[in-house]
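To start, the structure itself, in structure tokens.
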Amino acid sequence: MQYYSTNGKAPMADLHKAVVKGLAEDRGLYMPEVIHRLPKAFFADMPEMRFQDIAFNVASAFFGDDVDLDALQDIVYDTLSFDCPIVKVKENIYSLELFHGPTLAFKDVGARFMARLLQYFIRMEGQKEEVNVLVATSGDTGSAVANGFLGVEGIHVYVLYPKGKVSPIQECQFTTLGKNITAIEVDGVFDDCQALVKSAFMDEELNKHMKLTSANSINVARFLPQAFYYFNAVARLMLMQMSNEKGEMRNENEKMKNDGAAISHFSFLIPHLIMCVPSGNFGNICSALFGHSMGLPVKRFIAANNANDIFYKYLQTGKYEPKASVQTLANAMDVGDPSNFARIINLYSENNQLTEVATHQRITNLISGATYSDEQIKDTMRQCYAETGYILDPHGACGYQALVDGLQPGEVGIFCETAHPAKFKEKVDEILGIDVEIPERLAAFMKGKKQSVPMTKDFKDFKAYLLSVEG
Ligand SMILES: *Cc1c(COP(=O)(O)O)cnc(C)c1O
């Protein structure tokens, strides 16, 4: 498989290059040249398949040409050492719980996959030179990437994070690891961290000096694997509904007979499924949209935002106007210029073949938006807890509320619960007046000692630092 750049001015890359470079030479994002539709038989079998096997099928469609299939299977199985279950929260609304991995957020999936894929390439090449992963984080990326790569030989990870803008619990997940992980505390906001990383990749002198690669959600090895759990979620829902309806099957058969239509069970279940993704840099929803292009039976999508509503505004107006991010309760979604917007445009404009207006039309036909203030997020968390007993984290709360507000009669919605509420314990406890239990794997991080390198947001300083440590 070849990967092209969304900016259209860089040469095509193979998977290895796309993974190592992260960003194309023209600062565009890599896109797979083709998105294979998965065969009908796969969708029919899906409800009975295990998560790992569903994921291996999806992974093969993307990476099967470039990675030995046995190795790919190992990478997938090893990545998915935990489940991504769906849980019914209330009538017609399900939570896709993406927080059962090592750092309790969905980014574990992409980060673990990427670390293992990069290691595969390094081994294949017998590479001598160390690979340096640079990653900017607004909270959860850093911990997922640091833990995904922890102890992986031949790779050093630098995590850049905005000083004072990530929760103490998030911070300890990447500042206490040591080994091949270095945390860099930047005096600025997330967008400054991202700008430092982007500038480093573009800097000729630095790239001559050391081998640099990105692990942000822009990396194809991080964002594509996130499609795995959307397929699994649909499979689990189908299975649940099939068994729920076994009792009602007789009625259903009667109805079908009465309707005079032999509707298959499959099409009976699926036409009304809505997938709702709390979004910041739009990598997670982008992988769901790729899944849709592969045939994932989802009727439409909702991108749920906090007060950073750039995408929401784009849906309303057709104009994309990035601006500085504002700080919110759902801080992993505080992004003012979501990188993966370019991929969404590229996907629905068919690589810039369609006009802006036609592209916008296609996007609004499939995706709607929602935006919530901190006050609304708090209200949602309280209401959901009072009504159902389910504890939402501030990010998942945006997704849940967008379904409550946006589901049409007869539709079933799945929202991503993108992180465990204990990751935002101070906030969640205060909002709900409870004492959220901290899972053991999270408590373990909090016992470690914080180590980080202070840094300004000036690229000169960051560059000087990198040149000094890697010499
Ligand atoms: C990263 C993150 C998001 C946003 O995901 P994107 O892929 O950047 O849109 C949402 N919630 C949590 C908890 C996150 O860590």
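Quick note: residue numbers are just sequence positions, from 1. FYI, side chains are in, hydrogens and waters are out, and symmetry mates aren't considered; it's all heavy atoms of this structure. Order of appearance sets the numbers: ligands from 1, and atoms from 1 within every ligand.
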Does a donor on one side chain and an acceptor on the other come within less than 3.5 Å for K423 and Q173? yes

Considering only the protein, which heavy-atom contact is closest to atom 11 (N) of ligand 1, and what is its distance? T418 OG1, 2.8 Å

Contacting atoms of ligand 1, where contact means under 4.0 angstrom from a heavy atom of N281: 6 (P), 8 (O), 9 (O)

Would you say the side chains of N147 and D108 form a donor-acceptor pair under 3.5 Å? no

If we only count N/O pairs under 3.5 Å, is A105 in contact with ligand 1? no

Polar atom proximity, F424 to ligand 1 (N or O, under 3.5 Å): no

Do any N/O atoms on K107 end up under 3.5 angstrom from N/O atoms on ligand 1? yes

For ligand 1, note which part of F106 has a heavy atom under 4.0 Å away: side chain, backbone, both or neither. side chain

Check ligand 1 against G283 and write out every atom of the ligand that is under 4.0 Å from a heavy-atom position of the residue. 6 (P), 7 (O), 9 (O)

Test of understanding: given a 4.0 Å heavy-atom threshold, classify the contact between K423 and ligand 1 as side chain, backbone, both, or neither. neither

Show the numbers, then the answer: is there a ring-ring contact (aromatic ring centres under 6.0 Å, His included) between F82 and H100? CA-CA 6 Å; F82 51 90; H100 296 275; 8.1 Å; no

Aromatic centroids of F174 and Y158 separated by under 6.0 Å: no

Of F121, F113, F228, F56, which is the lone residue that meets ring-ring contact (aromatic ring centres under 6.0 Å, His included) with F63? F113

Strictly under 6.0 Å, is that where the ring centroids of H156 and F149 end up? no

Which residue holds the protein heavy atom closest to atom 4 (C) of ligand 1, what is that atom called, and what is the gap in Å? G280 N, 3.6 Å

Look only at interatomic distance and state if N284 has a nitrogen or oxygen under 3.5 Å from any nitrogen or oxygen of ligand 1. yes

Neighbour count >12 (heavy atoms, 6.0 Å) for atom NZ, K378: yes

